[in-house]
Amino acid sequence: MSTLFKASLLLGCLLWQSTGLASDTGWLTSPQNDHAKVRLQADRSAPDQTRILLEVALESGWKTYWRSPGEGGIAPQILWEQPVGNFQWHWPTPRPFEVAGLSTQGYQQQV
């Protein structure tokens, strides 16, 4: 009986822990942009909201721009197929760099 109780307790703890973990799409790539991969992670740990993290990994030498890219870049766009309710974007702090002598802001490697 003691073994059954311990196994049930362990299973309950594992199930309780997994409710706070993020759902993950896994890494996604596009044939047109094989130098970059992206994934979405949904965090439902707060009962009244869902936060979604968009993670981008870039091959060496590639970059992506910030929401205000500066003189030499193009701001990223995300197009949803379904209408999205009220949401707010949060951007990590970009770093400045130059492209063909123009100042720009963005990210390299992973963001």
Q) Of all heavy-atom pairs between T29 and K37, which one has the smallest distance, and what is that distance? A) CG2-CB, 3.5 Å

Q: Answer yes if W91 and V56 sit in the same cluster of Ile, Leu, Val, Met, Phe, Trp and Tyr residues linked by side chain heavy atoms under 4.5 Å apart, and no otherwise.
A: yes

Q. About how many Å separate CD of Q41 and CG of D24, when rounded to the nearest 0.5 Å?
A. 4.5 Å

Q. If you look only at pairs with a residue in residues 29-60, which of them pass as a ring-ring contact (aromatic ring centres under 6.0 Å, His included), with sequence neighbours excluded?
A. H35-W62

Q) Which heavy atom of L58 sits nearest a heavy atom of T64, and at what distance? A) CD1-N, 3.7 Å

Q. Same cluster for I52 and L28 if Ile/Leu/Val/Met/Phe/Trp/Tyr side chains link at under 4.5 Å?
A. yes

Q) side-chain contact (heavy atoms from CB on, under 4.5 Å) with K63: which residues, sequence neighbours excluded? A) Y65, F97, V99, Q108

Q.
Please enumerate all residues that pass side chain to side chain donor-acceptor pair (under 3.5 Å) together with Q110, with sequence neighbours excluded.
A. E55

Q.
Using the side chain to side chain donor-acceptor pair (under 3.5 Å) criterion, which residues pair with R67? Sequence neighbours excluded.
A. none

**Q.** side chain to side chain donor-acceptor pair (under 3.5 Å) involving T93 - partner list, sequence neighbours excluded
**A.** none

Q.
List the residues meeting side-chain contact (heavy atoms from CB on, under 4.5 Å) with P92, not counting sequence neighbours, and say none if there are none.
A. Y107, V111

